[in-house]
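Here is the naming used below: chain letters follow the sequence lines, and residue numbers restart at 1 for every chain. Scope of the values below: all heavy atoms of this structure, side chains included, with no hydrogens, waters or symmetry mates.
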Amino acid sequence: MNNSSLSLRTLFSLPKPRATTTPSNQWQEFQSRLGREIKTIKWMAPMPDLVSKVGELFNIELPDLLVLSWKKARQLQDALEESRKSPEQVIVLDLAEHVITNQYHPYIEIRIAGVPSPKKIEFTVELLTRLKGIILRIQAGTITEIEGGSCDFEGKVKYQDLTIADKKLDRPIEFRSLPTFKKQIASDVQ
Amino acid sequence: MPDLDYQFDAGDGSPIEHGNARTIRHTYRKPSDSYTASVTLAGARSRGVAKLAISADNPSSPSPVTTVTSAPISPSPPSHYSATSTPTATATATATRTPTATPTATAILTPTATATATRAPTATPTATATPTPIPSNGGFAWWIFYVVSAGLAAAALLLYRILKWFAVQPTVHLHPDWDAPRKSEENLAINYGLYFHSNISAGRDQLQTDGTSLILRKRTQ
């Protein structure tokens, strides 16, 4: 698994916006259902190709999600606080094998001028990662890099009661010197 | 009242007298007995009966038993005479006794009758124009009206569709004017926005280890 493509869109094999390949049956069902949903919006002009936009919603990197989860762990918070006190110092942490389960509800909001309440297309994302041999580098109160380790990944993406993606990787993802997005994640948490 | 028939029954077994006269005179052969005299008024559309008790005890002031009864005559009159026709009949009777050497009793029955009738329409039929009777239960045959109306409506709808089919045929006009100057489309801008909410900060997550500490080793560089 190439570390440069660890977004949820890639991991769930969601179609690219202008993909020419035939989508899966689940995705086709999602397309038709979303089309019916959009038709309920009273709009004279044709609706943009919303389905192709859904992929953008899942352009979230898996390591960023993991960093957010790690930052909620008490022991890591203590280590981050310690590094904040001495910002020049780089601290390397070896983590024990652990499992992180996540559930998110990302959504797309369609706002149209003149329509009082926006249309909301909400998804449910369930992730389960088993992490082994993770080595984190922290500095100045932030996780700056995942030096190494691997994770098994499985997850689902649902729209209403329809599962549009269900993925379980048969090979673990290897992390090798993977820098994290410090600024964004730091602002998300704080 | 020329259209009323007066039927007098003295009540002593003598024959009933018919006629148009409003007053009759009748002598009872046995004045000691009591009688019930009656007069029946039969009109074109109603009937009334008045009864009078006559006795030797008080022959000069007979008391009416029944002043009047009135009932409509069936079958009903033709509908163009309308249901508002309300003929009524009333009757009163008096009796007097004339003492003679031979005891006799004389009862004078003087019925009075009034009858009113209204017709609708108000046009007064003449003698030469005999109204044509219409079956009493018929009235106007509404079902014919409904059937005809429905048929006309269906025909009108069918005609409209046929005319529309021939008159409003879409036509296609091709304008292969490639060299014509192009004008940018106007008033087609739609103000809409797609907002993506990854919502990752609001997600629920759980971190589990197998009982050991999450951080196995910490070193500084």
Side-chain angles (χ1 to χ4, degrees), chain A residues 8 43-48 50 53-54 56-60 64-66 68-70 72-76 78-79 82-83 86 89-115 118 120 122-123 125 127 131 135-137 188-189, chain B residues 150 153-221:
Chain A
L8 293 185
W43 193 9
M44 299 303 290
M47 184 61 77
L50 191 58
K53 299 280 186 183
V54 171
E56 294 181 24
L57 186 65
F58 292 92
N59 279 335
I60 302 292
D64 294 346
L65 300 178
L66 296 176
L68 284 173
S69 298
W70 285 326
K72 292 176 185 174
R74 184 69 192 169
Q75 290 169 299
L76 265 170
D78 292 342
E82 181 185 336
S83 75
S86 50
Q89 193 177 37
V90 176
I91 300 175
V92 178
L93 302 175
D94 294 347
L95 302 188
E97 182 176 334
H98 59 283
V99 176
I100 296 176
T101 52
N102 307 81
Q103 189 180 74
Y104 304 104
H105 295 280
Y107 60 93
I108 298 174
E109 208 174 279
I110 305 171
R111 291 181 186 171
I112 303 167
V115 178
K120 191 175 178 182
E122 185 176 291
F123 302 87
V125 180
L127 306 178
L131 297 125
I135 303 170
L136 298 182
R137 180 185 289 264
D188 280 347
V189 172
Chain B
L157 182 64
L158 183 63
L159 182 63
Y160 168 75
R161 291 197 172 181
I162 291 172
L163 289 176
K164 188 180 175 184
W165 174 260
F166 285 107
V168 197
Q169 281 284 8
T171 57
V172 178
H173 301 277
L174 300 177
H175 298 275
D177 46 353
W178 301 111
D179 296 326
R182 296 298 177 97
K183 185 182 177 184
S184 60
E185 294 176 328
E186 295 176 353
N187 299 324
L188 288 178
I190 304 296
N191 185 14
Y192 79 97
L194 293 178
Y195 297 86
F196 294 84
H197 301 271
S198 297
N199 215 14
I200 54 174
S201 298
R204 288 185 301 164
D205 46 15
Q206 186 178 9
L207 191 150
Q208 291 176 309
T209 62
D210 56 356
T212 60
S213 170
L214 176 63
I215 300 174
L216 292 179
R217 190 174 58 167
K218 181 169 68 176
R219 59 186 187 276
T220 58
Q221 292 181 346

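Ranked by heavy-atom pairs under 4.5 Å with chain B, the list Arg74(A), His105(A), Lys120(A), Glu122(A) is led by His105(A). In terms of heavy-atom pairs under 4.5 Å with chain B, the best-connected choice from Val90(A), Leu8(A), Ile91(A), Val92(A) is Val92(A).
Listed here is the closest heavy atom pair of Ile100(A) and Trp70(A): CD1-NE1, 3.6 Å.
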Point to revise | Intermediate values then yes/no, side-chain contact (heavy atoms from CB on, under 4.5 Å), Leu127(A) and Thr101(A) | key: CA-CA 6 Å; Leu127(A) 306 178; Thr101(A) 52; over 6 Å; no

Review point. Step by step, would you call Ile60(A) with Tyr104(A) a side-chain contact (heavy atoms from CB on, under 4.5 Å)?
Key: CA-CA 12 Å; Ile60(A) 302 292; Tyr104(A) 304 104; over 6 Å; no

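In this structure, the portions of Gln103(A) lying under 4.5 Å from any heavy atom of chain B include both its backbone and its side chain. With a threshold of 4.5 angstrom between heavy atoms, Leu76(A) approaches chain B through its backbone and through its side chain. Residue contact with chain B, scored on non-hydrogen atoms closer than 4.5 Å, involves the side chain of Arg137(A) exclusively.
Atom CG in Asp94(A) sits 6.5 Å away from atom CG in Leu216(B) (nearest 0.5 Å).
Proximity of Leu157(B) to Arg161(B): side-chain heavy atoms (C-beta onward) are separated by under 4.5 Å at one or more points.
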